[in-house]
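Data block below; observations after.
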Amino acid sequence: MKKRYFCKRLNETLNFDALKVFYCCATRTGPSIDVPQPKRIKDIIKKRNSLIKMLDRGIIPTECEGCFDLEEQKNPKPLFISQLSKPQKANLIIVKHFKQCDCACTYCCEQYLSGRKIVLKSRKSDYYDLLPIIKELYKQDMIDKKELDVHFQGGNVSVLDEFEDLVNIFMKNGVKRVEIATNGIKYLPAIERICNDTFVDVNISIDAGSRETYKKIKTVDKFDDLIENLKKYAKLPILLRLKYILVRNVNDTKEELEKYINLMKEIGITNSELMIDQCDNEFIQNGEFKIPDYYYELFEFYKNKCQENNIEANIWEYIKEILDKGSFFK
């Protein structure tokens with residue numbers, strides 16, 4: 001019997017990137033469609049449904065070949081019945097159709113793509129407006145109103161003029177969880193407004209424990225503003241996570257890491273993530289991204305210091321894999 005396949009991400013995700021809509025989290029490599037001009041929502045829906053049905057017939061789309069998320073169906077429904085069934089509504093929407101930001105982090109790959117221009121005032125995305133697309137998707141009943149998870153990524157939402165309106169439409173129609181990645185330079189009143197009505201996860205890249213190091217990485221002098229906003233967020237009923245990205249020869253020392261952890265303890269933030277600058281070409285050796293030996297000491301130091309201060313020391317799974325292999329590409 002021919003194998004038939006299933007992908008949880010493909011059934012659940014609409015990932016709005018700058019020039020394409022991806023149907024899973026694998027931007028730039030996963031199945032996608034160009035944003036239609038004019039933006040015909042039925043094209044987005046038609047492509048998604050066709051991908052799901054291809055897998056159900058045992059055909060793996062080229063973009064999906066070798067993906068670890070593909071699963072073989074167990075006891076599948078008869079194919080005729082399955083093909084007539086209405087596809088599952090999307091319950092994960094990723095908002096990253098904009099690149100503008102009010103800082104220019106030295107490690108930010110998105111900033112390289114957008115010319116590293118610092119934007120201070122709110123403005124439209126350079127690519128397309130998402131709000132009318134979301135409205136139409138709700139009209140077409142393609143979004144799950146009970147289990148919806150929304151992730152705001154891309155640039156910095158404080159300078160996206162659609163941000164408040166997008167938050168409003170998601171809240172109006174029911175959203176289970178809102179995750180916002182921001183730099184924390186500007187306080188976002190929307191977080192305070194919605195945090196009592198849904199689960200809010202705020203992820204802020206601080207990358208430093210001191211003002212001078214912060215300026216070197218972010219290229220703006222906004223450390224004091226950030227700290228004041230962190231103190232405000234720490235009082236809200238939200239999951240507040242701080243991110244620290246190791247930047248070679250700038251913040252990759254035990255001293256700077258300790259300042260960062262002490263700062264978290266002082267403010268009362270108990271959830272941290274440690275990552276690696278993946279845009280640093282100096283780490284590339286013979287076609288591989290090689291991890292310096294002293295980074296292993298830094299990760300161990302980080303875990304121990306966080307444990308001493310009752311801080312959750314998170315390391316993403318793909319970072320663990322990189323450390324285990326010693327590089328990205330082995």
Counting distance only, does the side-chain N/O of [X] pair as donor-acceptor with the main-chain N or O of [Y] below 3.5 Å?
X    : Y    : result
D252 : N249 : yes
D69  : C7   : no
E162 : L130 : yes
S82  : P78  : no
Q73  : F6   : no
D144 : E147 : yes
R48  : N11  : yes
K99  : S125 : no

Going by distance alone, is a donor N or O of one side chain under 3.5 Å from an acceptor N or O of the other, for [X] and [Y]?
X    : Y    : value
D102 : N183 : yes
R193 : N168 : yes
Y23  : E63  : no
S272 : Y302 : yes
S122 : D161 : no

Give me the atom names and distance for the closest heavy-atom approach of [X] to [Y].
X    : Y    : result
T219 : A104 : OG1-O, 3.0 Å
A181 : N156 : O-OD1, 4.4 Å
C64  : L70  : O-CD1, 3.5 Å
N173 : K145 : O-CB, 3.2 Å
G184 : N229 : O-ND2, 2.8 Å
K218 : S205 : NZ-O, 2.9 Å

Would you say [atom1] of [X] has more than 12 non-hydrogen atoms from neighbouring residues, nucleotides or ligands within 6.0 angstrom?
X    : atom1 : answer
Q307 : CD    : no
D293 : CG    : no
K243 : NZ    : yes
R123 : CZ    : yes
K77  : NZ    : no
K265 : NZ    : no

Pair I276-F299, side chain to side chain contact (heavy atoms under 4.5 Å, CB included): steps then yes or no: CA-CA 10 Å; I276 297 171; F299 272 87; 4.0 Å; yes
Residues E71, K8; criterion salt bridge (Lys or Arg N to Asp or Glu O under 4.0 Å); working and verdict: CA-CA 8 Å; E71 299 177 21; K8 185 173 185 293; over 6 Å; no
Straight-line distance of [X] [atom1] to [Y] [atom2], nearest 0.5 Å:
X    : Y    : atom1 : atom2 : result
R248 : Y107 : CZ    : OH    : 16.0 Å
L92  : R9   : CG    : CZ    : 8.0 Å
T106 : D207 : OG1   : CG    : 8.0 Å
E12  : L148 : CD    : CG    : 11.0 Å
L263 : L230 : CG    : CG    : 7.5 Å
Q88  : L10  : CD    : CG    : 10.0 Å

The single option from V202, I191, N196 passing side-chain contact (heavy atoms from CB on, under 4.5 Å) against L236: I191
Should [X] and [Y] be regarded as members of a common hydrophobic cluster, given that ILVMFWY residues are connected when their side-chain heavy atoms come within less than 4.5 Å of each other, either directly or indirectly?
X    : Y    : answer
F98  : V119 : no
V159 : L120 : no
I94  : Y127 : no
L79  : M54  : no
L137 : L51  : yes

Ion pair check, R4 and E72, cut-off under 4.0 Å: no
Presence of salt bridge, K222 and D225, under 4.0 angstrom: yes
Measure the shortest side-chain to side-chain distance between [X] and [Y] over non-hydrogen atoms and say whether it is less than 4.5 angstrom.
X    : Y    : result
T198 : F170 : no
R241 : I204 : no
I180 : V178 : yes
N15  : K96  : yes
C24  : P31  : yes
D201 : I238 : no
I33  : K20  : no
I185 : C103 : yes

Chi angles and distances behind the side chain to side chain contact (heavy atoms under 4.5 Å, CB included) call for R211, D224: CA-CA 8 Å; R211 181 180 178 185; D224 294 341; 4.1 Å; yes
Test log, rule side chain to side chain donor-acceptor pair (under 3.5 Å), inputs E228 and Y187: CA-CA 9 Å; E228 288 306 308; Y187 187 74; over 6 Å; no
Reference residue H97; test ring-ring contact (aromatic ring centres under 6.0 Å, His included); the match among F22, Y128, F163: Y128
Step-by-step side chain to side chain contact (heavy atoms under 4.5 Å, CB included) determination, I269 to M264: CA-CA 5 Å; I269 301 171; M264 290 189 67; 3.6 Å; yes
S210: partners by side chain to side chain donor-acceptor pair (under 3.5 Å), with sequence neighbours left out: T213, E256
NZ or CZ of K176 within 45° of F199 ring axis and under 6.0 Å: no
Evaluation steps, side chain to side chain contact (heavy atoms under 4.5 Å, CB included), between E273 and N203: CA-CA 9 Å; E273 297 172 358; N203 188 343; 3.6 Å; yes
